[in-house]
Number of protein chains: 2
Amino acid sequence: MNNKQITIVEVAREAGVSIATVSNVLNKRNVPMAPETAAKVEEAAARLGYRRNTVAASLSRRKTNELGLLLPGFGGYYGQFAEAMELTAHRHGYHLSVYATGSDPEREQRHLETLLERRVDGLFCHGMAMKPESVGRIVRGGSPLVLFNAWEWPEDLAVAAVNLDFAGASAEAVRHLVERGCRTVYYAGTSKALMIDRQRRLGFRREADRLGDQVRTGMIHSEAGDPEEQVTTAAAEALAEGGPVGILAFDDRMALRILGRLLQAGIRVPEEVKLLGINNEWFSAAAYPTLTSMSIPYEKQAELAIHRLLSHLGEAEDGKDLPQAKGEVTVPLELTPRRSTEA
Amino acid sequence: MNNKQITIVEVAREAGVSIATVSNVLNKRNVPMAPETAAKVEEAAARLGYRRNTVAASLSRRKTNELGLLLPGFGGYYGQFAEAMELTAHRHGYHLSVYATGSDPEREQRHLETLLERRVDGLFCHGMAMKPESVGRIVRGGSPLVLFNAWEWPEDLAVAAVNLDFAGASAEAVRHLVERGCRTVYYAGTSKALMIDRQRRLGFRREADRLGDQVRTGMIHSEAGDPEEQVTTAAAEALAEGGPVGILAFDDRMALRILGRLLQAGIRVPEEVKLLGINNEWFSAAAYPTLTSMSIPYEKQAELAIHRLLSHLGEAEDGKDLPQAKGEVTVPLELTPRRSTEA
DNA sequence: TTGTAGGCGTTATCAG
DNA sequence: CTGATAACGCCTACAA
């Protein structure tokens, strides 16, 4: 930070007006004013190379116009989502800063506390690593919080929650596989402790139950070892009793890894095994064969979240008339069929 | 921002001391003090739920302890890099905020201006979309700037530049392919206008020249159409005159796409075509066959950059004795051999 | 239409 | 060791 900072005081002196006038001109406030006065100020500011000091402004206005977003990481889905959030926030006049926690409770806590101390106007958290009670203790009385994919979280902790409908997506995926002729369908997940995995299992199970004995199902999780390995073996065995076999992977990354195993085992996709993932990342269209996936409506998610936060701040732009402005919303994914599940 | 904020004034009243004392104990400043006074303050702060207001502190200290990082996006390499930067910054007592520009000059400019107005203590930019003159005009007199992968940029604009040695990596890749028996080697790039692509071409060409007629080379760019398509056709033709053929892709993403095309065309990797990318992203180890790549020393890059910035701020932690603390550094990549280039 | 003055919440300098 | 008090740079009634 420069020591010889130019302030509105200098600009005022240079322009021969008062600091209030400078402030008004520079912030384009609609106070009546002689055009020449404004011009004088503009020119003086430009000549001096004046740059607004937001920290002073924030302190004075008790508002920072800054938002914070906490994510487990920047890669894949999260990165895409962060960009959508950034854009949406800006469209509403806010600046969004993004941080990664690496799913580490300590890093998460540090970021939370720092942002609260910075008095951000709002906070978005995706996949919290900390326990609800700890979050509550930290966040209480601070900036409002909007959560993502927070099923089973206490209502009063956040002003809203925006959840992706992973359960619905899983169900749709199962249907898709069965419609394509799969008599056996596997879900290859990660840890059963992960909430996003639980949601997928839930939808998978629900649809399996609905389908009854039209289809045999199996669920694989990482607690029992390498899921890619397991599902490949399982699929190979099931194949012996008649195919094709369907596999729903936790996400596209896992789908890609499974694809590698299948090819390595000499199993043909989609002829013998049909495979699909979730997230629709770029490589799903690049892989060979291309991977069917469930895509995520990033813009919608972001718009929903920011709208809720702003409406909480009392800045709802009506007109839009989005669903109820607090509580929990569920956002559906969309099936994007590709070669890996073709008939 | 809450209206009924608890300030050190209330804490001071509650503890029955002055605000100066509160400030001292809360910031653990090493002023001599009665332990009981400190305890009283701590307790009062806890009881009242006091939370430090960094914006006021920043204004007063003329220092924010905040750093900003601008990236084209959050995905892949950039995301990994951002995480390393965040961690490194924290290790040095700073908080790093990350922003994506989408390689859009306007978004980039907005972020730059916002961060400058926020008086961040330092700024990191990776792959600027704006022209040097514009950046100079905006940044002048503001927070110090460290650039990444900024070849041919004016010296005085930034306090330092940390560049990846893509030229060297390309050269090493060519050598690797030739050693593995490739008599024809292609570089599949993107736009020739992209600086990071130019660097790769440079190294590729240099090594090709050095090798003389030991090897035939070809360079492909997106200006002439789909590079994945082109390189696949070219490789198929070259194959007719004897293989194996080597392909160095612009990055792992392109390598994965090319891999898909090759497999689709029935070309065997690595038997007929040997393929390698740059960045060593996660999927390079997941693809089938696994992809050879050049990995990036994220931590080193981050440490170098932050160290330079801090040393510019006069906070160099000596001892370390890193190379000269300003100007340009070049960071080498490291070959990570995998199946796709095996003999 | 423009100027004055009192915050905003902390830090830091000096006396006591 | 502790407590006033003047910055820090800007905003915003309220006055002129």
Side-chain angles (χ1 to χ4, degrees), chain A residues 1-42 44-45 48-65 116-121 141-142, chain B residues 1-41 44-45 48-66 116-121 141-142:
Chain A
M1 200 175 279
N2 216 313
N3 265 339
K4 49 189 179 65
Q5 225 179 136
I6 309 264
T7 75
I8 51 171
V9 177
E10 345 260 3
V11 177
R13 182 151 20 87
E14 176 85 9
V17 299
S18 79
I19 61 165
T21 305
V22 173
S23 179
N24 285 332
V25 172
L26 261 27
N27 291 291
K28 305 188 198 313
R29 273 191 274 273
N30 53 357
V31 291
M33 168 162 339
E36 48 195 29
T37 310
K40 268 194 311 190
V41 172
E42 300 276 20
L48 262 37
Y50 168 78
R51 176 154 32 216
R52 186 171 192 265
N53 183 330
T54 341
V55 4
S58 295
L59 177 59
S60 180
R61 304 189 342 185
R62 304 155 131 266
K63 158 135 197 166
T64 55
N65 264 282
L116 255 13
E117 291 186 352
R118 257 183 221 308
R119 299 296 192 269
V120 293
D121 292 332
Chain B
M1 199 175 283
N2 216 313
N3 265 340
K4 48 189 177 64
Q5 224 176 136
I6 309 263
T7 75
I8 52 172
V9 177
E10 346 259 5
V11 177
R13 182 153 16 89
E14 177 85 8
V17 300
S18 80
I19 62 167
T21 304
V22 173
S23 179
N24 284 334
V25 359
L26 259 28
N27 290 291
K28 304 186 200 312
R29 274 192 273 272
N30 55 356
V31 291
M33 168 161 339
E36 48 195 29
T37 311
K40 267 194 312 190
V41 172
L48 263 37
Y50 168 78
R51 177 155 27 213
R52 185 172 190 267
N53 182 329
T54 335
V55 5
S58 294
L59 177 61
S60 181
R61 299 191 319 148
R62 302 158 131 266
K63 157 135 197 166
T64 55
N65 265 282
E66 167 120 10
L116 256 12
E117 292 186 351
R118 257 184 222 308
R119 298 297 191 269
V120 293
D121 292 331

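Just so it is clear: chains get the letters A, B, ... in the order the sequence lines come, proteins before strands, and each one is counted from 1. Side chains are part of it too, since the values below use all heavy atoms of this structure and drop only hydrogens, waters and symmetry mates.
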Completion exercise
DNA chain D nearest-nucleotide lookup for A/S23 and B/A34: closer to the 5′ end is B/A34
Practice task
Note the angle between the end axes of the helix from C/dT1-D/dA16 to C/dG16-D/dC1, five pairs defining each, rounded to 10 degrees.
Solution key: 40°
Problem - Results of side chain to side chain contact (heavy atoms under 4.5 Å, CB included) for B/R51 - residues two or more places apart only - result: A/L116, A/E117, A/R119
Fill in the blank from the handout: Per atom distances to the A/T37 side chain, the nearest of D/dG9, C/dC8, C/dT2 is C/dT2
Practice task
Tell me, please, which residues at least two apart from A/I19 pass side chain to side chain contact (heavy atoms under 4.5 Å, CB included).
Solution key: A/I8, A/V9, A/A12
Fill in the blank from the handout: Among D/dC11, C/dT10, C/dC8, the one nearest any side-chain atom of A/R62 is C/dC8
Exercise for the section: Only pairs at least two apart or in different chains count here, so list each salt bridge (charged side-chain N to carboxylate O under 4.0 Å, His left out) that has a residue in residues 12-25 of chain A. Expected result: A/E10-A/R13, A/E14-A/R47
Exercise for the section: Indicate whether OP1 or OP2 belonging to D/dG9 is found under 4.0 Å from a side-chain N or O atom of A/Q5. Expected result: yes
Handout entry: Check: B/Y50 and B/L26 side chains under 4.5 Å, non-hydrogen atoms
Key = yes
Filtered N/O pairs between nucleotides 4-7 of chain C and protein, under 3.5 Å:
residue: C/dG7; atom: N2; partner: A/S60; partner atom: OG; Å: 2.9

Exercise for the section: Let me know the distance between CG of A/N53 and C1' of C/dC8, rounded to the nearest Å. Expected result: 13 Å
Report each atom pair, protein N/O against N/O of nucleotides 14-16 of chain C, whose distance is under 3.5 angstrom.
none

Exercise for the section: Could you list by number each residue of residues 9-17 of chain A showing a heavy-atom separation from DNA chain D of less than 4.0 Å, or answer none if no residue does? Expected result: none
Practice task
Identify, with sequence neighbours excluded, every residue that meets side chain to side chain contact (heavy atoms under 4.5 Å, CB included) alongside A/S60.
Solution key: none
Fill in the blank from the handout: Of A/M33 and B/A56, the one whose closest nucleotide on DNA chain C sits nearer the 5' end is A/M33
Practice task
Tell me, please, which residues at least two apart from A/A38 pass side chain to side chain contact (heavy atoms under 4.5 Å, CB included).
Solution key: A/V25, A/M33
